[in-house]
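Sequential numbering from 1 along the given sequence is applied to the chain's residues.
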Amino acid sequence: MRSILLFGSMALALLIGVISLQVPAPRGLDTPAVDFAAARAMADVRVIARAPHPIGSVEHERVRGYLFGRMIGLGLNPALQTGSLSPATIRWLATQSDTPPTTATNIVGVLPGTDPSAPAIVVMAHYDTTPESPGAADDGAGVAAILEAVRAIKARGAAERTLIVLLTDAEEVGLDGARVFFSEHPWRSRIGAVVNLEARGGGGRAMMFETGPGNRQTIALFSHAARRADGGTTSNSLTALVYQLMPNGTDFTLARDRGIAGLNLAFQGRPAQYHSPASTPDALDQGSVQHIGSQALEATDLLLRTPALPRATQDQVFSDILGLGVIGHAPQTGWTLFALALGLAAFAFWGGRHATGVTLADVGRGMISGLWFLATVVVLTQATRVLAGPVLSPAVPFDLYYTLMRRLPWMEAGAALTVLAVALTALAGRDAMGQRVLTGALVLAAGVATLLGGVNLVVIAAAIVAIALSWWTQAWPRTRWGGWLGLIALVLLLGGLVQAVAPAAAFILLWPALIAATAAALAALIGARLAGVRSHLAPAAALVLGGAWLVSLAHPAFLGIGMDLPAVLGVVGLLLLMLARPLTPTHPRALAAAAVACLILACGLSATARFAEPAPTPAEADAGADAAQG
């Protein structure tokens, strides 16, 4: 019975999570005028993305002329703003062409509001591309979505605030167009909020991945707007925190650094289209256009009409729940959640000890088994990752980055199956797999990771820890309650540490820990011996609900940083293991066999990526260099 509950709950969680990751259906030409329609936006995408149009090219001038005319037709009274490129940009462009451009040209349009003294709202996207890509996604979709959103806003009637439509230039070569606007344009000091549209692929759900400082009021407004948008939203404070720590930047960076409130939206699915010749209008996911466009429309419209614009107060801890809505709380509330989960776990321990005799020592062994899981995931995911191609480093040609982007779906499947294999092994227990087999697998994986990916001290240290814990008899719990409460305790410990250092990220640990602790407390009340269907209902429900939410977070996280840090899925795996632990079936050998099958399949998928998406030949690389030089 536990096997049915375990795998049935896991399958249902996966199904719900995958459904939540789907884009909304694109809306057609018969859509009411006040709503966003991808079909109308695609008419502009097809013109904009006819061919690559990098700064300084003839196609670039054509696209600028077309967009200028479209903005005239929308009544935006556009004007061109020209400014000098930065010296660093000019030096780089000089390596690509004998006659590099020296200026950026923004297109700035204005839809006047009824109150000229009110702070204006900026909605922006960039209209330049890389030399080799037509840019249907990056950022043709963003530009076209803005034009369609402006049309819908006008159809809804006059708004109090003025809307500035900013189509920036030179984003791909250094964010120079946005720099020119926010440092030189006369409107720069009158801006109350910014909505920016971007893309890092050709499909998938659009994520709100960045805001301005002190975002509590901004998140409250965006949550309201997202409920009106097609397909809801995908967003969380962990993604925003990680993005701030990365060296990447978008046009929104210039506004954020000036303390302006706002929202940065992008989709990153279908990564093979990123800066690629494959980014054509026909390849673009129109559902993604509908998703990002409807969110931009509703957020911008609400900013134009709300009585008071968001002010910088304090940052908010927040996350969407399966795309249905956004919930959040103040950073300090994390300690309340921590204390509540700890209290529920303590009650569950009391109930479990009273009924089954579980000891604190066994809870400690459960915590150590979680450490074994994390260490093993680091080693094995790195091993399967390098089967798909080299890890990026200064010694690796940068052109290979785009090849690896095309291989990313294979890598994600391989990493997910690897984490599943380790989780099944943890559920089966050390004896089901055998100490020698575990040690051999870890040594082999560490060797493969080092041979193909170079010396990585973190991987080597993780391998040493995992091997030592595989042989230490005290590293494996002896009871189901010990294993379950040990994992809850470990997650709470990690959650407390993260809460102390980075409260915006602690929810990823504290919310699942609270769900698991609640399920454990209910199980202690209903049937602490965990024998019978009734006593497993709370753990199964926790696995379905918590697991679905974690699946919805795992996919965007891997697309964002999984190519360099595949072990990011290990955190999600630990949380799923915590939720699944009370449903451990009584057939460990079957779990061990399933783990081996998953690992073999993971290696096969990752290795297949090299053949499915081969690296460019020297001749192809030379052709790409010629194209980059015009």
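By the 4.5 Å heavy-atom criterion applied to side chains, Thr333 and Val317 are not counted as neighbours. Counting heavy atoms from C-beta outward, Phe267 and Thr234 have side chains that stay 4.5 Å or more apart. The shortest distance between side-chain heavy atoms of Met246 and Ile561 falls below 4.5 Å. Side chains of Ser319 and Leu553 form a contact here, defined as non-hydrogen atoms less than 4.5 Å apart. Residues Val596 and Leu424 fail the side-chain proximity criterion, which asks for heavy atoms closer than 4.5 Å. Looking at Leu574 and Val377, their side chains never come closer than 4.5 Å, going by heavy atoms from C-beta outward. Contact check for Val448 versus Leu444: side-chain heavy atoms found under the 4.5 Å cut-off. A heavy-atom distance below 4.5 Å is found between the side chains of Val491 and Leu575.
Side chain of Ser223 to backbone of Ile219: no donor-acceptor contact under 3.5 angstrom is found. Remark: the backbone N or O of Asn215 is not paired with any side-chain donor or acceptor of Gln316 at under 3.5 angstrom. For the pair Thr356 (side chain) and Arg353 (backbone), a donor-acceptor distance under 3.5 Å is absent. At least one donor-acceptor pair under 3.5 Å links the side chain of His291 to the backbone N or O of Ala206. For the pair Thr384 (side chain) and Thr381 (backbone), a donor-acceptor distance under 3.5 Å is present. Between the Thr584 side chain and the Arg581 main chain, a donor and an acceptor come within less than 3.5 Å of each other. At distances below 3.5 Å, at least one donor-acceptor pair connects side-chain atoms of Arg205 with backbone N or O atoms of Gln22. At distances below 3.5 Å, at least one donor-acceptor pair connects side-chain atoms of Ser237 with backbone N or O atoms of Phe318. With hydrogens and angles disregarded, a donor-acceptor distance shorter than 3.5 Å links the side chain of Arg529 to the backbone of Ala355. Panel note: side chain Gln499, backbone Ala506; no donor-acceptor pair is recorded below 3.5 Å.
Between Gly293 and Ala145 the shortest heavy-atom distance is CA-CB, 3.9 Å. The minimum heavy-atom distance between Ser369 and Leu487, with the atom names listed, is OG-CD2, 4.3 Å. Residue Gln382 comes nearest to Val459 through the heavy atom pair CG-CG2, 3.7 Å, listed as atom of the first residue, atom of the second, then distance. Nearest heavy atoms, Ala199 versus Ala137: CB-O, 3.4 Å. Across every non-hydrogen atom of Pro409 and Pro271, the tightest pair is CD-CG, 4.0 Å. Closest non-hydrogen pair, Leu221 versus Ala299, comes out as CD2-O, 4.4 Å.
Scored by the side chain to side chain contact (heavy atoms under 4.5 Å, CB included) test, Trp350 finds Phe347 as partners (sequence neighbours excluded). Among residues two or more places apart in sequence or in another chain, the salt bridge (charged side-chain N to carboxylate O under 4.0 Å, His left out) test is passed with Asp362 by Arg365. Not counting sequence neighbours, the partners of Gln435 by the side chain to side chain contact (heavy atoms under 4.5 Å, CB included) test are Arg430, Trp471. In this structure Leu576 satisfies the side chain to side chain contact (heavy atoms under 4.5 Å, CB included) test together with Leu550, Val572, sequence neighbours excluded.
Ring-centre distance between Trp476 and Trp372: below the 6.0 Å cut-off.
Taken to the nearest 0.5 Å, the CE atom of Met578 stands 8.0 Å off from the CG atom of Leu492. Here the CE-CD distance, from Met207 to Glu198, works out to 15.0 Å after rounding to the nearest 0.5 Å. Rounded to the nearest 0.5 Å, atoms CG (Asn196) and CZ (Phe209) are 7.0 Å apart. Between the CZ atom in Arg27 and the OG atom in Ser294 there is a gap of 8.5 Å [rounded to 0.5 Å]. Summarising the geometry, atom OG1 belonging to Thr218 is positioned 6.5 Å from atom CG belonging to Leu263; distances are rounded to the nearest 0.5 Å. Residue Trp484 holds its CH2 atom at 9.0 Å from CG of Leu579, rounded to the nearest 0.5 Å.
Listed by first and then second residue, the ring-ring contact (aromatic ring centres under 6.0 Å, His included) pairs involving residues 213-235 amount to none (not counting sequence neighbours). Listed by first and then second residue, the ring-ring contact (aromatic ring centres under 6.0 Å, His included) pairs that reach into residues 539-561 are Trp511-Trp549, sequence neighbours excluded.
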*For the pair Val195 and Leu303, evaluate side chain to side chain contact (heavy atoms under 4.5 Å, CB included) and give the outcome as yes or no after the intermediate values.*
CA-CA 9 Å; Val195 177; Leu303 286 167; 3.7 Å; yes
*asked:* Pair Leu601, Leu605 - check side chain to side chain contact (heavy atoms under 4.5 Å, CB included), show working.
replied: CA-CA 6 Å; Leu601 183 56; Leu605 286 172; 4.2 Å; yes
*When you look at Ile508 and Val498, which way does the side chain to side chain contact (heavy atoms under 4.5 Å, CB included) test go after all the steps?*
CA-CA 10 Å; Ile508 190 67; Val498 176; over 6 Å; no
*Passes side chain to side chain contact (heavy atoms under 4.5 Å, CB included), Val378 versus Val465? Steps please.*
CA-CA 11 Å; Val378 169; Val465 170; over 6 Å; no
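In the displayed structure, Arg228 atom CZ is contacted under 6.0 Å by more than 12 heavy atoms of other residues, nucleotides or ligands.
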